[in-house]
Amino acid sequence: MSTSARDSVFLQEMGIGPLWTLRDGAAGVADEAYSDELAAPAQQAAPQPAAVPVPTAVPTAVPSSVPTAMPTIAAVVMPPPPVVARAAPPAVSPATSPATDSAWGEEPPAPPPTDDEIAAMDWAQLKNAIANCTRCGLCKGGRKPVYGNGAQQAHWLVAAGASTASDEKARQPVSGEPGKLLANMLAAVDLSRESNVYVTNLIKCRPTSANGGDRAPSAEEALACRPYLDRELALSGASMVLTLGQIAANALRGKPLQEALAGARGQVHELAGVKLVATLHPGELLRRGADKALAWADLCLAREHDERRA
C-alpha cells in the first residue's frame, strides 16, 4: 500500500475526510487505489501500531464529530461518619434551679428583711435595706426613699411623719422652709442637725394621692417602716426623741394615726427606753404662727428631761 493510501485509511479510521485530492490523471490513480484499499478485507490489512494523535490548534467551532456525552464515572459512596456518643446533660433539680419572675429570666426581688434582721443592721446595711425595701405598697415603681441625715452619733433624734414632695426632691427629711424653721428651733436649745441631732421620717417613701399629691400614710405603711426608725434610734445612741406632728407622735406611741396631737403634747413619753416629747411639725407652725409658743414650750420640756444635758 502506498504512503498516500495508508494515510487515507488512517484518516478514515479517525473519522476525518481527506484533506486534499490529486487533480487530472493523478486524481484517477488515487481514487482507484483508494477504492482498492476500501474493498480489501479488514483482516488482510497489516496490523498497525496505535497512532498517537498530534495535538492541533483548537478550532473556533466545535466539530460535529466531537462526542457530547461525558464518560460515565462510577459514583464513589463514602461511608457515613462515625457516630460519637455524647453524654446527656446533668439533670437540674427543680429545687436548685433559680426561680424566674418573667419570661425574660429575671430573678424575683429578694424577700423584705424581717424586723429581727433590721434590728441587727449597721448604718450601711440599713440604708441598703431601705433602698431595696418591699415591705409595703409604697415600695413599687418610681419610689425615691428619703434617708435620715444628720449626726449619726446624736443627742436627739427628731422624727417627722411621712416624706413629702419637698423632701423627695431635696433628698433629705424636713426640707425647704419647714427645714429652715426646724434649724432655728434646734439652735434655740443649742442643738443642730450638723453636730448632735439626727433627723428622719418615719415613712421613708412619699405616700401619694390619685392626683400625685402628698397624702397621709396608712397604719399599715407606718407599721412597715417602723423597724427602720427603731434601728436608727439604736444606732444613733440618742437620749431624747422629739416627734414632729401627729403622725409620728401617734405611730411611735402605738396610737391611731388620726388621734389629735393635743393628747400627746406637754408630757414625757418613752420609746424603747428613750424619753420622747411630741411637738408640732414646722410646716404647721408656718401656717399657724401663733402656735410657735406651744412648740417653744415643748422644746423646753425636752431639754429639761434630756439626761445628757441635765
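Values below: all heavy atoms of this structure, side chains included; hydrogens, waters and symmetry mates excluded. Source: prediction; values computed, not measured.
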Any donor and acceptor pair, going by atom type alone, linking the side chain of [X] with main-chain N or O of [Y] inside 3.5 Å?
X      : Y      : answer
Arg265 : Leu294 : yes
Arg193 : Val199 : no
Asn132 : Asn128 : yes
Ser163 : Ile203 : yes
His155 : Ala238 : no

Practice item. Let me see the working for His305 and Val277 under side-chain contact (heavy atoms from CB on, under 4.5 Å), right down to the final yes or no. Key: CA-CA 9 Å; His305 288 84; Val277 172; 5.8 Å; no

Practice item. Take Arg215 and Glu221, measure what salt bridge (charged side-chain N to carboxylate O under 4.0 Å, His left out) needs, and give me the verdict at the end. Key: CA-CA 12 Å; Arg215 67 164 173 82; Glu221 291 164 349; 2.8 Å; yes

[X], [Y]: one ILVMFWY side-chain cluster at the under-4.5 Å cut-off?
X      : Y      : result
Trp123 : Tyr147 : yes
Leu229 : Val146 : no
Leu285 : Leu186 : yes
Leu223 : Leu276 : no

Exercise for review: Take Val268 and Leu301 through the side-chain contact (heavy atoms from CB on, under 4.5 Å) test and state the conclusion after the steps.
Suggested key: CA-CA 8 Å; Val268 178; Leu301 179 64; 4.1 Å; yes

Any chance you could measure [X], atom [atom1], to [Y], atom [atom2], to the nearest 0.5 Å?
X      : Y      : atom1 : atom2 : result
Cys225 : Leu138 : SG    : CG    : 7.0 Å
Thr243 : His269 : OG1   : NE2   : 7.5 Å
Asp291 : His281 : CG    : NE2   : 14.0 Å
Met185 : Thr279 : CE    : OG1   : 5.0 Å
Gln172 : Asn201 : CD    : CG    : 10.0 Å
Arg231 : Met121 : CZ    : CE    : 9.5 Å

Check your understanding: Would Glu307 and Lys275 satisfy side-chain contact (heavy atoms from CB on, under 4.5 Å), going step by step from the backbone distance to the final call?
Key -> CA-CA 9 Å; Glu307 295 176 356; Lys275 294 179 180 179; 4.1 Å; yes

What pairs with [X] under side-chain hydrogen bond (donor to acceptor under 3.5 Å, both in side chains), at least two apart in sequence or on another chain?
X      : value
Gln267 : none
Glu232 : Tyr198, Thr200, Lys204
Ser175 : Ser166, Asp167
Ser192 : Ser195

Can you list, pair by pair, the side-chain donor-acceptor contacts under 3.5 Å of residues 251-258, counting residues two or more places apart and other chains?
residue, atom, partner, partner atom, Å
Arg253, NE, Ala249, O, 3.1
Arg253, NH2, Asn250, OD1, 3.1

Review point. Using 4.0 Å as the upper bound for N to carboxylate O, is an ion pair formed by Arg287 and Glu284?
Key: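 Salt bridge flag = no for Arg287 with Glu284.
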
Looking only at non-hydrogen atoms, find the nearest pair between [X] and [Y] and report the distance.
X      : Y      : answer
Pro217 : Pro207 : CB-CG, 4.0 Å
Leu233 : Ser236 : O-OG, 3.0 Å
Val174 : Ala160 : CG2-CB, 3.9 Å
Ile118 : Pro227 : CG2-O, 3.5 Å
Pro145 : Arg171 : O-NH2, 3.2 Å

Exercise for review: Could you please spell out the steps behind the side-chain contact (heavy atoms from CB on, under 4.5 Å) verdict for Leu244 and Val158?
Suggested key: CA-CA 7 Å; Leu244 305 179; Val158 175; 3.4 Å; yes

Are [X] and [Y] linked by a side-chain donor-acceptor pair shorter than 3.5 Å?
X      : Y      : value
Thr114 : Asp116 : no
Asp214 : Thr164 : no
Trp156 : Asp306 : yes

Review point. Can Arg135 and Asp115 be said to form a salt bridge (charged side-chain N to carboxylate O under 4.0 Å, His left out), step by step?
Key: CA-CA 11 Å; Arg135 289 173 63 93; Asp115 293 0; 2.8 Å; yes

Study note, to complete from the structure: For Arg226, the salt bridge (Lys or Arg N to Asp or Glu O under 4.0 Å) test, sequence neighbours excluded, returns Asp230

Review point. For Arg206 and Glu168, what are the C-alpha separation, side-chain angles and deciding distance, and is it a salt bridge (charged side-chain N to carboxylate O under 4.0 Å, His left out)?
Key: CA-CA 7 Å; Arg206 177 170 74 99; Glu168 193 176 68; 3.4 Å; yes

